[in-house]
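Bear in mind the structure is a predicted one, so any value in this text is a computation, not a measurement.
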Amino acid sequence: MNEFWVAIALWLLGGYSLVALVKTVAYLGLEARGVEVQCQVASGLPRFTVVGLPDKAISESRERVQAALAAMGLALPPKRITINLSPADLPKDGSHYDLPIALALLAAMGVTDAEQLGDWLAVGELSLDGRIVATPGALLAALHASENEIGLICPAEQGPEAKWASGIPVLAAKDLVSLLNHLKGTQTLAEPERGAIEEKPIGADLKQVKGQETAKRALEIAASGGHNMLMMGPPGSGKSLLASCLPGILPELTPSEALEVSMVQSVAGLLDSGRISRSRPFRAPHHSASMAALTGGGLKVRPGEVSLAHLGVLFLDELPEFQRPVLDSLRQPLETGHVDVARANAHVTFPARVQLIAAMNPCRCGHAGEPGHVCARGPRCATEYQARISGPLLDRIDLHVEVAAVSAMDMALPPASEGSGAVAQRVAAARRIQEGRGVRSNAELEGEKLEHYASPDDPGRQLLMQAAEKLRLSARGYTRMLRVARTIADLSGAETVGRAHIAEALSYRHQPARM
């Protein structure tokens, strides 16, 4: 007790300072780790220091915090101000530390109640006029606050996003003044409402596709089982149109899947006004994309296209035009369903369970094998062009489809009688069967479940053994071919994988380059 009064006396004499604490988070992939912002105002030469492995954005927060306080009519005390971000050995980056630093400083100055702030976690950037600006990751911060049974203080525009983490109070303030008035009880901030659920967007319909019945069938199989698919054909044959029809036949995300996708979008800063979509993501990066853009990384590690397409579709048009190392960086995510980004100062993991849909021309000129066309470079044109894609990546693609050129007669045909709506119903029915097996789709079948549900009957097994020897299927190719056969059987309503299902699955295996 005597020590307490000694500390108070030293504080009143200006020789000692009690430390104010405010909770916030550091983002590592989709993980939010707790960080404690500690502020001490002590006697000494005037100085404002931030320690605890801050990055450039955090170091610059001193200027933003000082300007925001000045906009409120407050000046920093002429003392030594030290901000410590604990744990000190955890690298920290981002401007969302502005608000917790300002609150810790205000608590140390006695402007607000330090004990009251112990029940809150704060994230947000400060503008020079005291406004609280949105930063990526509010949903992750809210989920972390929910796990620790505390409230969240965040920018007003991110209140709807934070409310998706149920069971926690959310203070969504437009500026620092209104937040302080609420904490003092002189003003009340309204509790934000949850963000809206976006309607499924209307995309391309399969009725728009003229001809291409084989490709349509393959697309239905791919959607039903979550299989990867490669379409190869001349320019203008409808490959991109077929790919754009895929979102319209895929089933909606479940509530838990929608939250999982929204977490990735939140970290990337793409969750606009807290709106959550039940539609599966569809990402189509340009073939000039770098490895960091596709798989994640950068100076501040952020999710790449393969993670932004998590639980959805990653469409790679003009597949051989991508840099080969960039394409090969997809081999691990396609197999494991996640991306590990290792850097000198960070090691983070992002989810990346995607359905890869790719399209390519058969050769550089685009018309190899087309009747009446003679390539000036001969067979080497197709062979060298297709060789840009590595064998291990092709082995991870379940369906390889030849998309023939569309003739003028095909274009004159009336629209197809069956559109995306009818196909979507069959896809949804097949997915319900697969959910009964304890997986999202047949693409996730493995081990004992694959043996139990995808083992063919005797005629099917005989054909499978013959084809495996003739086509020299790898273990991966064999497994993926069985999954496709199981999906074909699901679409036909068969309980057992038969010879016909195996035969159709084998027809979609990779074929060598042709003239």
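Considering all non-hydrogen atoms of both residues, Ala68 and Ser127 come closest at CB-O, 3.8 Å. Here the shortest heavy-atom pairing between Glu63 and Leu128 reads O-CD2, 4.5 Å. The two atoms that bring Ala141 and Val123 nearest to each other are CB-CG1, 4.0 Å, heavy atoms only. Residues Tyr97 and Val25 approach most closely at OH-O, 3.3 Å, considering heavy atoms. The shortest heavy-atom contact between Leu85 and Ile58 is CD1-CG2, 3.9 Å. Of all the heavy atoms in Arg64 and Ala57, the pair that sits closest is NH2-O, 2.8 Å.
With Lys449 contributing its side chain and Arg437 its backbone, the two residues share a donor-acceptor pair below 3.5 Å. Proximity of a side-chain donor or acceptor of Asp98 to a complementary backbone N or O of Gly124 within less than 3.5 Å is not detected. A donor-acceptor pair is defined here as one N or O able to donate and one able to accept, closer than 3.5 Å; such a pair exists between the side chain of Thr186 and the backbone of Asn181. At distances below 3.5 Å, not a single donor-acceptor pair connects side-chain atoms of Ser224 with backbone N or O atoms of Val427. A distance-only check finds a donor-acceptor pair linking the side chain of Tyr27 to the backbone of Gly137 [under 3.5 Å]. Judged purely by atom type and a 3.5 angstrom limit, Trp164 uses its side chain to pair as donor or acceptor with the backbone of Gly274. A donor-acceptor pair under 3.5 Å links the side-chain atoms of Arg280 to the main chain of Pro251, judged by distance alone. Of the possible polar contacts, one joining the Ser420 side chain to the Leu206 backbone as a donor-acceptor pair under 3.5 Å is found. A donor-acceptor pair under 3.5 Å is formed between the side chain of Arg62 and the backbone N or O of Phe48. A donor-acceptor pair under 3.5 Å links the side-chain atoms of Ser266 to the main chain of Leu139, judged by distance alone.
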Does the pair Leu183 and Asp113 meet the rule for a side chain to side chain contact (heavy atoms under 4.5 Å, CB included), with working shown? CA-CA 8 Å; Leu183 293 174; Asp113 185 8; over 6 Å; no
Run the salt bridge (Lys or Arg N to Asp or Glu O under 4.0 Å) test on Asp205 and Lys207 for me, step by step, so that the C-alpha distance in whole Å, both residues' side-chain angles and the decisive distance to 0.1 Å come before the verdict. CA-CA 5 Å; Asp205 195 288; Lys207 285 185 177 182; 5.8 Å; no
Trace of the side chain to side chain contact (heavy atoms under 4.5 Å, CB included) decision for Ile101 with Cys39: CA-CA 8 Å; Ile101 288 174; Cys39 177; over 6 Å; no
Could you check Glu335 against Arg480 for salt bridge (Lys or Arg N to Asp or Glu O under 4.0 Å), going step by step and ending with a plain yes or no? CA-CA 11 Å; Glu335 200 69 25; Arg480 288 181 174 271; 3.5 Å; yes
Tell me, with the steps shown, if Asn148 and Lys23 meet side chain to side chain contact (heavy atoms under 4.5 Å, CB included). CA-CA 11 Å; Asn148 290 274; Lys23 300 181 182 70; over 6 Å; no
Worked check of side chain to side chain contact (heavy atoms under 4.5 Å, CB included) between Glu252 and Glu257: CA-CA 9 Å; Glu252 288 187 341; Glu257 287 176 336; over 6 Å; no
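Between Lys239 atom NZ and Phe315 atom CZ the span is 8.5 Å, to the nearest 0.5 Å. Between the CD atom of Gln40 and the CD1 atom of Ile83 there is a distance of 10.0 Å, given to the nearest 0.5 Å. Distance CZ/Phe322 to NE2/His286: 8.0 Å, rounded to 0.5 Å. Within the model, atoms CZ of Arg47 and CZ of Arg80 stand 6.0 Å from one another, a figure rounded to the nearest 0.5 Å. Note that the CG atom of Leu121 and the NE2 atom of His144 stand 6.0 Å from one another [nearest 0.5 Å]. Rounded to the nearest 0.5 angstrom, Leu314 CG and Gln355 CD are separated by 10.5 Å.
A salt bridge is absent between Glu418 and Lys216; no separation between the charged side-chain nitrogens and carboxylate oxygens falls under 4.0 Å. Glu191 has a carboxylate O that lies under 4.0 Å from a charged side-chain N of Lys163, or vice versa, which qualifies the two as a salt bridge.
Residues Leu334 and Leu393 meet the side-chain proximity criterion, which asks for heavy atoms closer than 4.5 Å. In this structure the side chain of Val264 reaches within 4.5 angstrom of the side chain of Leu308, judged on heavy atoms. Annotation: side chain of Ser279 is not in contact with side chain of Glu198 (no heavy-atom distance under 4.5 Å). A heavy-atom distance below 4.5 Å is found between the side chains of Ser441 and Arg431. Side-chain contact check for Thr487 versus His227: some heavy-atom pair is nearer than 4.5 Å. Looking at heavy atoms from C-beta onward, Met229 lies in side-chain contact with Leu219 at the 4.5 angstrom threshold. Within the 4.5 Å cutoff, the side chain of Ile132 has no heavy atoms near those of the Ile153 side chain. When side chains are defined from C-beta on, Leu106 counts as touching Leu69, because their heavy atoms get closer than 4.5 Å.
Each of Leu356, Leu399, Val354 was evaluated against Asn228; a single residue qualifies, Leu356, per the side-chain contact (heavy atoms from CB on, under 4.5 Å) test. Each of Leu28, Val348, Val301, Leu140 was scored for a side-chain contact (heavy atoms from CB on, under 4.5 Å) with Val267, with one residue passing: Leu140.
Donor-acceptor pairing under 3.5 Å is recorded for the side chains of Asp175 and Ser178. Donor-acceptor pairing under 3.5 Å is lacking for the side chains of Asn84 and Ser86.
Sparse packing is recorded around CZ of Arg131, with 12 or fewer heavy atoms of other residues, nucleotides or ligands lying under 6.0 Å away.
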